[in-house]
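So you know, we letter chains A, B, ... as the sequences are listed, proteins then strands, and number each from 1.
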There are 2 protein chains.
Amino acid sequence: MANLDADAAATVAATLQALATPSRLLILTQLRQGPRAVTELAEAVGMEQSAVSHQLRLLRNLGLVTGTRQGRSIVYSLYDTHVAQLLDEAVYHVEHLRLGLVDRPDRAG
Amino acid sequence: MANLDADAAATVAATLQALATPSRLLILTQLRQGPRAVTELAEAVGMEQSAVSHQLRLLRNLGLVTGTRQGRSIVYSLYDTHVAQLLDEAVYHVEHLRLGLVDRPDRAG
DNA sequence: GGAATAGATGAAGACATGTTCATCTGTTCT
DNA sequence: AGAACAGATGAACATGTCTTCATCTATTCC
């Protein structure tokens with residue numbers, strides 16, 4: 001079970017922040033479907049090339065994606081299956097949480 | 001597999017942001033171990049009562065925790081098993097990602 | 001070599017976020 | 001009712017984050 005000290009919490013938080021923004025989630029779910037070049041990604045998710053590049057750098061630094069040059073393109077992929085699973089499970093649980101969210105009373109007000 | 005449109009991405013991102021901060025992760029992992037009153041939480045994670053309260057409100061609004069009054073205390077718990085599992089899986093995957101992060105070359109520079 | 005394509009990057013600005021401080025509500029106990 | 005305890009809340013401030021803009025590097029093709 002999850003039991004964190006302050007350091008571990010900081011580490012986990014830093015990585016989860018990668019999944020905490022719509023733009024990065026869209027990028028990651030594209031990559032979940034297969035390798036993609038930067039321009040492809042930009043078009044697929046409706047962002048500018050520069051914005052995508054910035055987010056990819058962040059994801060790279062966190063070790064979630066890798067890019068390899070192929071001709072003039074750089075093709076990105078998810079780093080490993082942990083990333084894919086984390087993504088899948090996060091989406092799954094959040095969507096199931098949403099089902100229970102309709103009009104839940106706020107018992108603490 | 002995870003396949004999101006822009007709306008779903010925003011929803012998922014909003015919820016995952018709850019797990020993207022050390023303070024909230026610490027609060028949630030405390031609750032993962034069992035129900036806790038606000039003051040207990042504050043002491044356990046080393047935050048001020050007010051800060052904890054603010055974060056609990058956020059978590060409440062996202063439907064991740066609930067609080068019920070018990071005497072003068074308000075005792076918080078995780079909302080359901082989805083929250084617990086999401087937390088466990090997130091920590092698990094992130095920690096396993098970290099193992100592979102030592103000196104990984106940045107193929108895209 | 002020069003033009004065109006594909007990405008990366010730094011700076012800047014707008015916006016969001018997290019904490020603290022002071023204060024307010026609600027509960028218990030005498 | 002009054003004091004003490006437990007939380008919630010709004011304002012304010014500092015910090016972080018995301019996007020855009022302009023520009024830079026690297027690769028391909030003529």
Side-chain angles (χ1 to χ4, degrees), chain A residues 6 9-28 30-31 35-62 64-77 105-109, chain B residues 6 9-28 30-31 35-62 64-77 105-109:
Chain A
T11 305
V12 174
T15 299
L16 288 180
Q17 204 145 13
L19 310 191
T21 231
S23 59
R24 283 194 293 268
L25 273 177
L26 290 171
I27 290 173
L28 288 170
Q30 280 295 313
L31 297 180
R36 296 279 190 277
V38 178
T39 307
E40 269 181 299
L41 283 173
E43 198 187 346
V45 308
M47 296 170 64
E48 296 206 348
Q49 176 267 316
S50 175
V52 173
S53 235
H54 278 296
Q55 299 300 345
L56 284 172
R57 170 164 60 166
L58 194 155
L59 294 172
R60 237 165 46 219
N61 290 339
L62 289 168
L64 298 185
V65 306
T66 29
T68 47
R69 178 139 240 151
Q70 273 182 31
R72 29 183 136 183
S73 299
I74 295 180
V75 176
Y76 279 87
S77 340
D106 189 340
R107 279 106 134 194
Chain B
T11 305
V12 174
T15 300
L16 288 181
Q17 205 145 12
L19 310 191
T21 232
S23 60
R24 284 193 294 267
L25 272 178
L26 289 170
I27 290 173
L28 288 170
Q30 279 295 314
L31 297 180
R36 296 278 190 278
V38 178
T39 307
E40 268 181 298
L41 283 174
E43 197 186 347
V45 307
M47 296 170 64
E48 296 207 348
Q49 176 267 317
S50 175
V52 172
S53 235
H54 279 296
Q55 300 300 345
L56 284 172
R57 171 164 58 167
L58 193 155
L59 294 172
R60 236 164 46 218
N61 289 339
L62 289 169
L64 298 185
V65 306
T66 28
T68 47
R69 179 138 240 152
Q70 273 182 32
R72 28 185 137 184
S73 300
I74 294 180
V75 176
Y76 280 86
S77 339
D106 189 338
R107 279 106 132 192

- What does the inter-axis angle of the helix from C:dG1-D:dC30 to C:dT30-D:dA1 come out as, five pairs per end, nearest 10 degrees? 30°

- Below 4.5 Å, heavy atoms only, C-beta onward: do B:Leu28 and B:Val65 meet side chain to side chain? yes

- Query: Below 3.5 Å, does any donor atom in the side chain of B:Gln49 face an acceptor in the base of D:dA8, or the other way round?
  - Reply: yes

- Query: Is any side-chain N or O of A:Tyr76 closer than 4.0 Å to OP1 or OP2 of C:dA6?
  - Reply: no

- Looking only at heavy atoms, what is the nearest atom pair of B:Pro22 and A:Ala10, with distance? CG-CA, 3.9 Å

- Check every strand shown and say whether B:Ser53 touches a base, only sugar-phosphate, or nothing at a heavy-atom separation below 4.0 Å. base

- Task: Can you see which heavy atom on A:Pro35 is nearest to which on A:Ser77, and at what distance?
- Result: CB-OG, 4.1 Å

- Once you round to the nearest 0.5 Å, how far does CG of B:Leu41 lie from OH of B:Tyr76? 9.0 Å

- Query: Do B:Met47 and B:Leu26 come within less than 4.5 Å of each other through their side chains, counting heavy atoms only?
  - Reply: no

- Message: Of the options D:dG7, C:dG7, D:dC18, whose atoms approach the side-chain atoms of B:Ile74 most closely?
- Response: D:dG7

- Query: B:Arg24 has an atom CZ; how far is it from atom P of C:dA16, in whole Å?
  - Reply: 15 Å

- Take atom CD of B:Gln55 and atom P of D:dG10, then tell me their distance rounded to the nearest Å. 15 Å

- Task: Ignoring backbone atoms, establish whether A:Ser23 has a side-chain N or O less than 4.0 Å from OP1 or OP2 of D:dC18.
- Result: no

- Checking A:Arg24 side chain against B:Ala13 main chain: does a donor-acceptor pair fall under 3.5 Å? no

- Message: Check this one for me: any side-chain N or O of B:Ser73 less than 4.0 Å away from OP1 or OP2 of D:dG7?
- Response: yes

- Between C:dA8, D:dA6, D:dT17, which one does the side chain of A:Arg60 approach most closely? C:dA8

- Task: For residues B:Ser50 and B:His54, determine if any side-chain heavy atom of one lies less than 4.5 Å from a side-chain heavy atom of the other.
- Result: yes

- Message: Between A:Leu58 and B:Val52, which residue's closest nucleotide on DNA chain D lies nearer the 5′ terminus?
- Response: B:Val52

- Measure the shortest side-chain to side-chain distance between B:Leu16 and A:Leu16 over non-hydrogen atoms and say whether it is less than 4.5 angstrom. no

- Item | Atom-pair distance (CG on A:Leu56; C1' on D:dT19), nearest Å | 14 Å

- Message: On the side chain of B:His54, is there an atom forming a donor-acceptor pair with the base of D:dG10 - under 3.5 Å, no angle test?
- Response: yes

- Task: Locate the shortest heavy-atom distance separating A:Leu59 from A:Ala18; write the atom from each residue and the value.
- Result: CD2-CB, 3.7 Å

- D:dC21 base / A:Ser50 side chain donor-acceptor hit below 3.5 Å: yes

- d(CG, B:Leu25; P, C:dG18) in whole Å: 12 Å

- Query: Roughly how far, to the nearest 0.5 Å, is the CG atom of A:Leu19 from the CG atom of B:Leu19?
  - Reply: 9.5 Å

- Write down the distance between CG (B:Leu59) and C1' (C:dT17), rounded to a whole number of angstrom. 14 Å

- How far does CD1 of A:Ile74 sit from OG1 of A:Thr66, to the nearest 0.5 angstrom? 11.5 Å

- Query: A:Arg36 side chain to A:Leu31 main-chain N or O, any donor-acceptor pair under 3.5 Å?
  - Reply: no

Please enumerate all protein N or O atoms sitting under 3.5 Å from an N or O of nucleotides 28-30 of chain C, with distances to 0.1 Å.
none

- Item | DNA chain C-proximal residues of residues 39-48 of chain B, any heavy atom under 4.0 Å | B:Met47, B:Glu48

- Can you tell me how far C1' of D:dG7 sits from CZ of B:Arg57, to the nearest Å? 12 Å

- Taking CZ from B:Arg69 and P from D:dC5, how many angstroms apart are they, rounded to a whole number? 16 Å

